[in-house]
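First up is the structure itself, then whatever we jot down about it.
Per chain, numbering begins at 1; letters A, B, ... match sequence-line order. Values reported hereafter were calculated over all heavy atoms of this structure, with side chains retained and with hydrogens, waters and symmetry mates removed.
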Protein chains: 2
Amino acid sequence: MMELTRKGEYAIRGIIYLAQQPPGRVSLISEIAAAAEVPQTFLAKIFQSFAKLGLVTSSRGTGGGFVLARPASAITLREVVEAVEGPILPNRCLLGSACDRGGPCRVHAVWKQVQTEVVHILDGVTIDTLARNP
Amino acid sequence: MMELTRKGEYAIRGIIYLAQQPPGRVSLISEIAAAAEVPQTFLAKIFQSFAKLGLVTSSRGTGGGFVLARPASAITLREVVEAVEGPILPNRCLLGSACDRGGPCRVHAVWKQVQTEVVHILDGVTIDTLARNP
DNA sequence: TATAAAGGGGATCAAATTGGTCCTAAAGGT
DNA sequence: ACCTTTAGGACCAATTTGATCCCCTTTATA
């Protein structure tokens with residue numbers, strides 16, 4: 001239960017690689033894909049999401065590629081994961097207010113607590129931290 | 001991300017209904033399914049899992065049905081969820097020791113922490129508590 | 001000892017999601 | 001012009017999810 005998908009896995013590996021490059025250094029998607037051992041076309045889609053959300057900046061043409069849009073210490077694991085997997089949401093009922101057939105369900109508060117805790121943990125981890133890891 | 005499936009949702013609804021019955025009272029799967037508003041054949045499968053894991057006891061034939069195998073206060077939400085969704089496992093890498101291409105991945109400790117927290121929350125909630133909820 | 005009333009278990013199936021490819025367009029450098 | 005590189009959409013196969021169906025076994029009781 002609650003498993004990260006390949007997409008999430010790849011997203012993390014890819015952005016960690018970017019974070020390990022010298023600041024300002026532009027990386028090609030082909031380079032990132034090779035280093036992170038991820039299918040290139042798939043990773044390209046992932047980085048499109050990153051770009052749209054402002055986690056990375058992209059440039060086209062010769063000399064183009066991807067760079068972090070912010071210092072790695074200002075990008076959280078939560079942002080990266082949510083960029084490709086959508087919001088942390090242990091149960092659909094956390095979206096609307098009425099989840100059960102009439103009124104909030106009996107487990108509502110528990111899922112809310114799970115959500116809060118997970119978000120808190122992932123918010124506390126930056127890509128910088130992960131990139132510097134042993 | 002991390003969404004509970006219908007199966008998990010149904011499992012919880014079904015066992016809460018059982019917990020709300022007078023102690024010892026046998027409930028038919030048809031009765032539970034109607035009350036919980038869950039497809040009966042699907043719920044039957046779910047309760048088979050419960051029975052195999054010893055959360056409920058089942059009896060066949062006339063007068064048969066399902067009863068909680070333990071007091072509702074001794075059944076945790078975690079047991080119910082894991083019975084049908086498998087173990088709480090934010091990342092595959094939490095199974096083996098080496099997750100990344102050689103050695104544990106950089107995010108390993110984070111997923112471990114998420115797992116521990118979620119397990120802790122769900123372990124702290126009993127079916128009894130849910131059944132008595134407003 | 002039939003027979004009806006349950007649950008057990010396997011096979012099967014459609015729909016949704018996941019994981020991934022391909023192609024064409026657009027943008028930028030030479 | 002022409003090459004390089006990302007953008008975006010269409011498309012596709014495999015897997016998972018969400019069921020349904022059918023036949024078997026167990027059990028009470030008429």
Side-chain angles (χ1 to χ4, degrees), chain A residues 1-15 18 25-34 36-69 81 83-87 89 91-92, chain B residues 1-15 17-18 21 25-34 36-69 81 83-87 89 91-92:
Chain A
M1 192 214 171
M2 318 191 76
E3 282 192 40
L4 194 72
T5 64
R6 293 288 167 93
K7 200 152 120 183
E9 187 84 31
Y10 294 166
I12 296 169
R13 297 224 293 253
I15 207 162
L18 255 203
R25 157 98 190 285
V26 174
S27 301
L28 299 183
I29 195 69
S30 56
E31 176 195 339
I32 308 171
E37 294 181 67
V38 163
Q40 179 177 331
T41 55
F42 198 21
L43 190 66
K45 300 296 186 188
I46 293 170
F47 270 69
Q48 275 183 38
S49 308
F50 285 167
K52 262 188 248 176
L53 285 163
L55 297 185
V56 305
T57 56
S58 67
S59 47
R60 307 208 248 196
T62 312
F66 296 92
V67 193
L68 289 188
V81 169
V84 296
E85 306 255 25
L89 201 80
N91 195 328
R92 302 168 178 82
Chain B
M1 189 213 176
M2 316 191 76
E3 282 191 40
L4 194 72
T5 64
R6 293 290 165 92
K7 199 151 121 183
E9 186 84 31
Y10 295 167
I12 296 169
R13 296 226 291 254
I15 207 162
Y17 175 83
L18 254 202
Q21 302 316 302
R25 156 97 190 285
V26 174
S27 301
L28 300 183
I29 195 69
S30 55
E31 175 194 340
I32 308 171
E37 295 179 66
V38 164
Q40 179 176 333
T41 55
F42 198 20
L43 191 66
K45 300 294 186 191
I46 292 169
F47 270 70
Q48 275 182 38
S49 307
F50 286 166
K52 263 189 243 174
L53 285 163
L55 298 185
V56 305
T57 55
S58 66
S59 47
R60 305 210 251 194
T62 312
F66 295 93
V67 193
L68 289 187
V81 168
V84 296
E85 306 254 26
L89 202 80
N91 195 329
R92 303 168 177 80

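The CZ atom of Arg13(B) lies 9.5 Å from the CG atom of Leu43(B); values are rounded to the nearest 0.5 Å.
For the side-chain contact (heavy atoms from CB on, under 4.5 Å) test, residues two or more places apart in sequence or in another chain that qualify with Ser30(B) are Leu28(B), Gln40(B). Residues satisfying the side-chain contact (heavy atoms from CB on, under 4.5 Å) criterion with Val67(B), sequence neighbours excluded, are Val26(B), Thr57(B). The side-chain contact (heavy atoms from CB on, under 4.5 Å) check on Ala11(B) picks up Ile46(B), Phe50(B), Val80(B), Val84(B), with sequence neighbours excluded. Taking Glu85(B) as the reference, Thr5(B) meet the side chain to side chain donor-acceptor pair (under 3.5 Å) condition, with sequence neighbours excluded. By the side-chain contact (heavy atoms from CB on, under 4.5 Å) test, Ala51(A) is found to be paired with Val56(A), Ser58(A), residues two or more places apart in sequence or in another chain being considered. A search for side chain to side chain donor-acceptor pair (under 3.5 Å) contacts involving Arg25(A) returns Gln21(A), Glu31(A), not counting sequence neighbours. Not a single side chain to side chain donor-acceptor pair (under 3.5 Å) links Tyr10(B) to another residue, sequence neighbours left out.
One can place CD1 of Ile46(A) at 14 Å from C1' of dT21(C), the figure rounded to the nearest angstrom. If you measure from atom CD of Glu37(A) to atom P of dG20(C), you get 13 Å, rounded to the nearest angstrom.
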Dump the pairs, protein N or O against N or O of nucleotides 16-19 of chain C, anything under 3.5 Å, distances to one decimal.
from: dG19(C); atom 1: OP1; to: Arg6(A); atom 2: N; distance (Å): 3.4
from: dG19(C); atom 1: OP2; to: Thr5(A); atom 2: OG1; distance (Å): 3.4
from: dG19(C); atom 1: OP2; to: Arg6(A); atom 2: N; distance (Å): 3.3

- Message: Base contacts versus sugar-phosphate-only contacts with protein, heavy atoms under 4.0 Å: please encode nucleotides 3-12 of chain D as B, S and - from 5' to 3'.
- Response: -BBBBBB---
